[in-house]
Structure formats: structure tokens, C-alpha cells
Amino acid sequence: MKEIILVKFGEMALKGQNKSSFEDALFRQIKYRLKNIGNFRYSSAQSTIYIEPLEESTDLDEVITILSKVFGIASICRACVCEKDFADIQARTLAYLREQLEDADSFKIEAKRADKKFPMKSPEICRELGSAVCEAFPELTVDVHNPEMTIIVEIRDTGAYVHAGRIKGAGGLPLGTSGKAMLLLSGGIDSPVAGYMIAKRGVIISAIHFVSPPYTSERARLKVEQLCEKMTDYCGDIKFYCVPFTEIQEQLRRRCPEEFFTILMRRIMMIIAQEIAKKENAIALVTGESIGQVASQTLPAMVCTDAVCHMPVFRPMIGMDKTEIIEIARKIDTFDISIQPYEDCCTVFTPRHPKIRPQLDAIEAAQEAGDFSEMIAKAVADTELKVFRVNNHNSYL
Ligand code: ATP
Ligand code: MG
């Protein structure tokens, strides 16, 4: 039986004049993600993209798994293609949904007749098809309020389709419709979630990570690369910048008061991240900070950090509790990687008594005395780039 995937637009269906550019971006993403899965014929009509596999052997379960992580999609249906003829719709419904109908106790039918030329109206389709189902599966009962299974018949201009319900899509806006941002990615739980949240709004994410060998291990860096690779499922291809931070941290320890370490380190991270963002045409920074979570995330500490920033810093987790963040981390499958116990450069140089209410002028004076400019330029120059691509084709540049 011929099957098709119907992809329904999310929020972008509401866009006015820009709709076609959103649609193009979604098409591009879908085609790119499915490139290695099979050959498909694509078309679109009435806020729906039709994806027809050209070979029988295509694994449609895999197609759906991939599509469920593409932003811009509200829902996905795997449907049987029927003739626009009630007898054909009836015969195919009974055959296509046989297994599910055998397992269910109750059902209902929903019919959507977008093609008004089809001779039967929706209530009539429901009634006729309902009685055919009851006849073929006598143990099944009709339950219009709380059915175990809903059979949906869609009569569209392009054809007639039968399926057993929608799978929820990832929502949001298609990648590439909202510009680029640079994510400060640590090995922790929060920053991958922050990247996911911003990418969900259509922003292309690049990632920057700071390492301090030998204080931080190769294994710790690999963990962050693993996170990056996992994030490509949702965020698409990610350019990953790895910044050598050891010299700067050693200089900090030599020249600056210990209680300022964390805040100065974060300011220098922001300075470097902005330099690299500029080269990337990224116009904002993203972090996983949440108010009060640790000493560097108090409001006054963030004010001191932002004082070195000339681009906006987005912190999508700012008002969230750890449990809420963990829930998303589990959903996007980064949690198990994040909880692997490897050190981060932030934790290696954590002061015993960090300043919770730092004064900006004192911080600025300490940074001045530290004389970091040349080291910052060197760290930027020595930054390594690696690209993580969807479908696991990683490459070094
Ligand atoms: P996360 O779970 O994201 O690591 P956290 O609770 O451990 O967050 P911090 O270690 O204070 O908090 O880091 C706050 C934010 O700073 C992180 O969310 C991330 O955006 C950024 N960050 C921290 N360490 C690094 C690093 N080594 N490289 C890049 N960014 C970092
Ligand atoms: Mg961390």
C-alpha cells in the first residue's frame, strides 16, 4: 500500500508576506535531514508538505524520528494514499489500519473534506466508514469522546489520505529564519538546553567552548563534542570553536584577587566569544545561566559580565528551576552526556569565597591590572574549529 508523510506547518502558517521564505527554509531543512535516508518526491499545498518515498524499502519510522526534531513542524502524519473514491477509502482503511484496529477497544472517525468537490460530506463519510469498521471488527465500539483510536480521513485537492492520528512536531520556526548566535557551551546540563531553545526560534547556533589543559582533560573536551553532535539532531549543523584558556586562567591566578576569579573569567569568555561571533556573522551570545544558580549567576554578577558585551546575551533558562531544565535536557537526550563526571575550566579555578555582589569598578580595575589583551588575542588566534553535521559527518577545518 502506498504511504505518504504529511508535514503540517507550525506557527509559520500564520506568517503573512514572509510565509514563502519560512516555507523555503523548512523545505531546505527537511530535504537536508532526509538526504541519506532515501529518495522522496516533495510537494506542498494548504500549509502541508507532502513527502512521498520513491522506494518501498524506505524506513518511514526513521523518517518520522528525524522529522520530529525539525523546527517549524507542528505535526506529522504517516498516511495511506487512497483514490478519491469512498469504496477505495473504505477498503484501504480496513487493510491499512488492521493491526491497530484489532488491538483497540474503541474508536472514532474524523473526516476533513478540504476538497468540496468530493460528493460525500464529512458527517456522511464518518457514518459510512464507521459502520464499515464496526462490521469488520465487531468487538470495537464507537466512542466519540474518549476513543482509544482515532481514524482520520483527509480529502484534499491532492488526494485522499487515511491515518491514525498526528505525531507532535518540534514546533518553533525553521532553522535559518532568524539569523545566527554563538552559544557558550560547557559540558553541563544547562547550556545545551539553552542552545536548543534559541535554535527552536529559527536561530542557527555556533558553539564555543573553553578548555584549560592540562587542568581539564581531553576526555572533558570529548564530552562537549559529544553534546554538540547530539545537539545537531535539533539544531542542524554546528560549528564548534574550541578556545585554549589555560594561559589566561594561569594569569588570572597570578595577578588577580581570588574572589574575582570567576567573574573575570566569565568576562574574558564573553570578550573572546564576541570576537569569534563577529567572524561568524553571529549577532548575539547565548548562555545557560539561570538567576542565582551559582555565584557567577547572581544578578550583580551578570551585570558585571554584561558590561563587556556589545552584543545581546540571551539566557533562555534565566527564570527556570534546575528540575525544569533537566526535563528538557532529557527530552533532547543531552542529559546522560551532561552528567558524565568530567571537570570544566570554570570548576578547576573556582575561588573558595567568590564575590556574590561584585562592584563593577573593582572588577574593571582588576581586569586592567591583569593585562589580558595580548593573551586574549592569542587565544582567539589559536582557537580550533570543528564542524558537527547532522548525519554524523564531522569534519575538521
Ligand atoms: P551548564 O550546566 O550550562 O554548564 P552551570 O550551571 O554549570 O551551567 P556555569 O558553570 O556557571 O553554570 O556556567 C554558566 C554558563 O557559562 C554556561 O551555561 C555556559 O553557557 C557558560 N560556560 C561555562 N563554562 C564554559 C566553558 N568551559 N566553555 C564555554 N562556555 C562555558
Ligand atoms: Mg558548567
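Any value given below was found using the heavy atoms of this structure, including those in side chains, with hydrogens, waters and symmetry copies removed. Counting convention: from 1, in listed order, for ligands and their atoms alike.
Checked against salt bridge (Lys or Arg N to Asp or Glu O under 4.0 Å), Glu280 has the following partners two or more places apart in sequence or in another chain: Lys180, Lys239.
In the vicinity of Thr287, heavy-atom distances shorter than 4.0 Å reach the ligand 1 atoms 20 (O).
Considering backbone and side-chain N/O of Val286, none are found under 3.5 Å from N/O of ligand 1. At under 3.5 Å, not a single nitrogen or oxygen of Pro192, backbone or side chain, sits near a nitrogen or oxygen of ligand 1. The N/O atoms of Gly288, backbone and side chain alike, include one that comes under 3.5 Å of an N/O atom in ligand 1. Checked by distance only, ligand 1 and Asp190 come closer than 3.5 Å through their nitrogen or oxygen atoms. Looking at ligand 1, you won't find any N or O of Gly187 less than 3.5 Å from one of its N or O atoms.
Salt-bridge annotation for Lys108 and Asp143: absent, with no side-chain N of the basic residue lying under 4.0 Å from a carboxylate O of the acidic one.
By the 4.0 Å heavy-atom criterion, Met317 is excluded from the residues contacting ligand 1.
Looking at His209, Arg221, Gln297 and measuring to atom 12 (O) of ligand 1, the nearest heavy atom belongs to Gln297. Taking only non-hydrogen atoms, the option from Arg266, Met270, Met265, Arg315 nearest to atom 21 (C) of ligand 1 is Arg266.
At a threshold of 4.5 Å between non-hydrogen side-chain atoms, the residues Asp237 and Val390 count as touching. Using a 4.5 Å cut-off on side-chain heavy atoms (C-beta onward), Met182 and Ile276 make contact.
Aromatic rings of Tyr196 and Phe71 (six-membered ring for Trp) have centroids within the 6.0 Å cut-off, being under it.
Legend: ring-ring contact (aromatic ring centres under 6.0 Å, His included) pairs involving residues 151-176, not counting sequence neighbours, sorted by first then second residue: Tyr50-Tyr161.
Checked by atom type, the side-chain pair Ser44/Glu23 shows a donor-acceptor distance below 3.5 Å.
Residue contacts with ligand 1 for Ile208 involve N, CA, C or O but no side-chain atom from C-beta outward (heavy atoms, distance under 4.0 Å). The backbone of Leu185, and not its side chain, has at least one atom closer than 4.0 Å to an atom of ligand 1 (non-hydrogen atoms only; backbone = N, CA, C, O).
Taken to the nearest 0.5 Å, the CD1 atom of Ile208 stands 10.0 Å off from the CG atom of Leu183.
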